[in-house]
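Each chain gets a letter, A, B and so on, in the order the sequences are listed, and its residues count up from 1. If you're wondering where the values come from, they're calculated on a predicted model, not measured in any experiment.
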2 protein chains.
Amino acid sequence: MKIVETVMLLNRGSFAASGAWTTIRSNVHSAIAQAEWPVGSGAFTIYPESGKKSGHGNGVVPIKAKPMKLLQEDGWTLEYPWEVTTKTAVTTRGRAKGTRPGDIDAARQFDEGLVVVEWETGNVSSSHRAINKMALGLVAKKCVAGVLIIPNMKLARYLTDRIGNIEEIRPYIPLWENLSVAEGVLELVVIEQDGESTDSPRIPKGKDGRAQEAMLAALIAKS
Amino acid sequence: MKIVETVMLLNRGSFAASGAWTTIRSNVHSAIAQAEWPVGSGAFTIYPESGKKSGHGNGVVPIKAKPMKLLQEDGWTLEYPWEVTTKTAVTTRGRAKGTRPGDIDAARQFDEGLVVVEWETGNVSSSHRAINKMALGLVAKKCVAGVLIIPNMKLARYLTDRIGNIEEIRPYIPLWENLSVAEGVLELVVIEQDGESTDSPRIPKGKDGRAQEAMLAALIAKS
DNA sequence: TATGGATCCATA
DNA sequence: TATGGATCCATA
């Protein structure tokens, strides 16, 4: 997978300038770039069919399967339960809300603080939530860096319709840059397929979440 | 419809403290509260069935139909094309991106500036985008106030699964409060049904967007 | 019930 | 193609 661009929404303070972050970032980028399709091919070659119509185009699982596996082997925790939100809200039944950890795709505690990594393979509106969540982590000092991996339209056009893409997020960049965060990194990593070929199989689209979950588990094991 | 709470994410500067805003806000709240179901009943009485399962629960159109009609009669523009985003991005085909105005449910230009109003009847992740959009409008000084109408879980539980609700948004409040905005208002208006009754008809759930659009047009005409 | 997600739709 | 939306799903 090609990393075609990185967008630094926030890049402030001592950690952002540290050698430790330079190394961590390099390792994360390396893992991201090793996403592959077909599995074992060493490149990401997509079947070039628009994902606009129902049943057409490609699913999203291989984008994150191998990179997550690699991070795991490097000491990262997958599906990390992240207590980023506050604890004040309570439901009518007396249960706490906003306290349940939303899982982060991969996270690792370093001496300098927590670094979190998320792949954006849901609806573009979900990208807003993902970025807001990492930004909140920085505001609340629960992490020192957040990395969101997001396709550009050249890739997204072949995936499920309305999947998160950098073009639709770009107009909002001034919003996150406006945050009063003194310390930390918030980075978007923009990805694109290595190539396109009608000889490459279509990536199965899960009819439902179960199919996707099973496929992710299978691909992580296979990677 | 009951307004059970208002959440002020941002409330700063001279406009926020002005009598003009007090009047505008009062009129907007009045319109919001006149949402009704069944149409003509003068109250919002919902059929109490969970929207969790496919084909169950209630659709969302009447929540905004009559309030929008009332605002329109009061001089507001519906489906207002709002050029809030920047103009820098360009697609591979040379077309500008992020320049296309996303429609705002209702907006009106006052002497003091533009006021925008949105109902949140999409997925909760879409609520993040809606709030980000209005916050960006304040950061970029394209508006002086933004109002988002959002159900609480007592109402949302009877609507389509995963619809925007205040409980899931609440943990992110510190994020938007953290913005460096000197002037303007960003307010969430939390709504809840007046009552529940199995004698009230279920609100039709559009199988698709067309059904919803047609219903909205019909209800606005009927209101 | 709570949360993140995946998929498909309508209109401009 | 571009944009906001509506709906349903899986797991904890």
Among [options], the nucleotide that comes nearest once only the side chain of [X] is considered:
{"X": "A/R157", "options": "C/dT1, D/dT1, C/dC9", "value": "D/dT1"}
{"X": "B/S54", "options": "D/dC9, C/dG4, D/dA2", "value": "D/dC9"}
{"X": "B/R129", "options": "D/dG4, C/dG5, C/dT7", "value": "D/dG4"}
{"X": "B/E118", "options": "C/dT3, D/dG5, C/dA6", "value": "D/dG5"}
{"X": "A/E120", "options": "C/dG5, C/dT3, D/dG4", "value": "C/dG5"}

Is any side-chain N or O of [X] under 3.5 Å from a base N or O of [N], one able to act as donor and the other as acceptor?
{"X": "B/R162", "N": "C/dG5", "result": "no"}
{"X": "A/K52", "N": "D/dT3", "result": "yes"}
{"X": "A/N123", "N": "C/dG5", "result": "no"}

Whole-Å distance separating the [atom1] atom of [X] from the [atom2] atom of [N]:
{"X": "A/I163", "N": "D/dA2", "atom1": "CD1", "atom2": "P", "answer": "16 Å"}
{"X": "B/H128", "N": "D/dG4", "atom1": "NE2", "atom2": "C1'", "answer": "16 Å"}
{"X": "B/D161", "N": "D/dG5", "atom1": "CG", "atom2": "P", "answer": "18 Å"}
{"X": "A/D105", "N": "D/dT11", "atom1": "CG", "atom2": "P", "answer": "16 Å"}
{"X": "B/E79", "N": "C/dA12", "atom1": "CD", "atom2": "P", "answer": "10 Å"}
{"X": "B/Y158", "N": "D/dA6", "atom1": "OH", "atom2": "P", "answer": "21 Å"}

Is any side-chain nitrogen or oxygen of A/T121 closer than 4.0 Å to OP1 or OP2 of C/dA6?
yes

Would you say A/K53 places a side-chain N or O within less than 4.0 Å of OP1 or OP2 belonging to C/dT7?
no

Which is true for B/S126 with a 4.0 Å heavy-atom rule: it touches a base, it touches only sugar-phosphate, or it touches nothing?
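Counting heavy atoms under 4.0 Å across all strands, the contact made by B/S126 is with sugar-phosphate only.
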
Pick the nucleotide of DNA chain C nearest each of A/W119 and A/H56; which residue has the one closer to the 5' end?
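By nearest-heavy-atom nucleotide position, the 5'-most residue is A/W119.
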
Between B/V124 and B/S50, just flag the one whose closest nucleotide in DNA chain C comes earlier from the 5' side.
B/S50

Checking the side chain of B/S200 only, and the main-chain atoms of B/S197 only, is there a donor and an acceptor separated by less than 3.5 Å?
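It does not hold such a pair.
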
Is there a donor-acceptor pair closer than 3.5 Å between any side-chain N or O of A/E120 and the backbone N or O of A/G164?
no

Is it true that [X] and [Y] have a side-chain N and a carboxylate O under 4.0 angstrom from each other?
{"X": "B/R162", "Y": "B/E168", "value": "yes"}
{"X": "B/E118", "Y": "B/K133", "value": "no"}
{"X": "A/D194", "Y": "A/K2", "value": "no"}

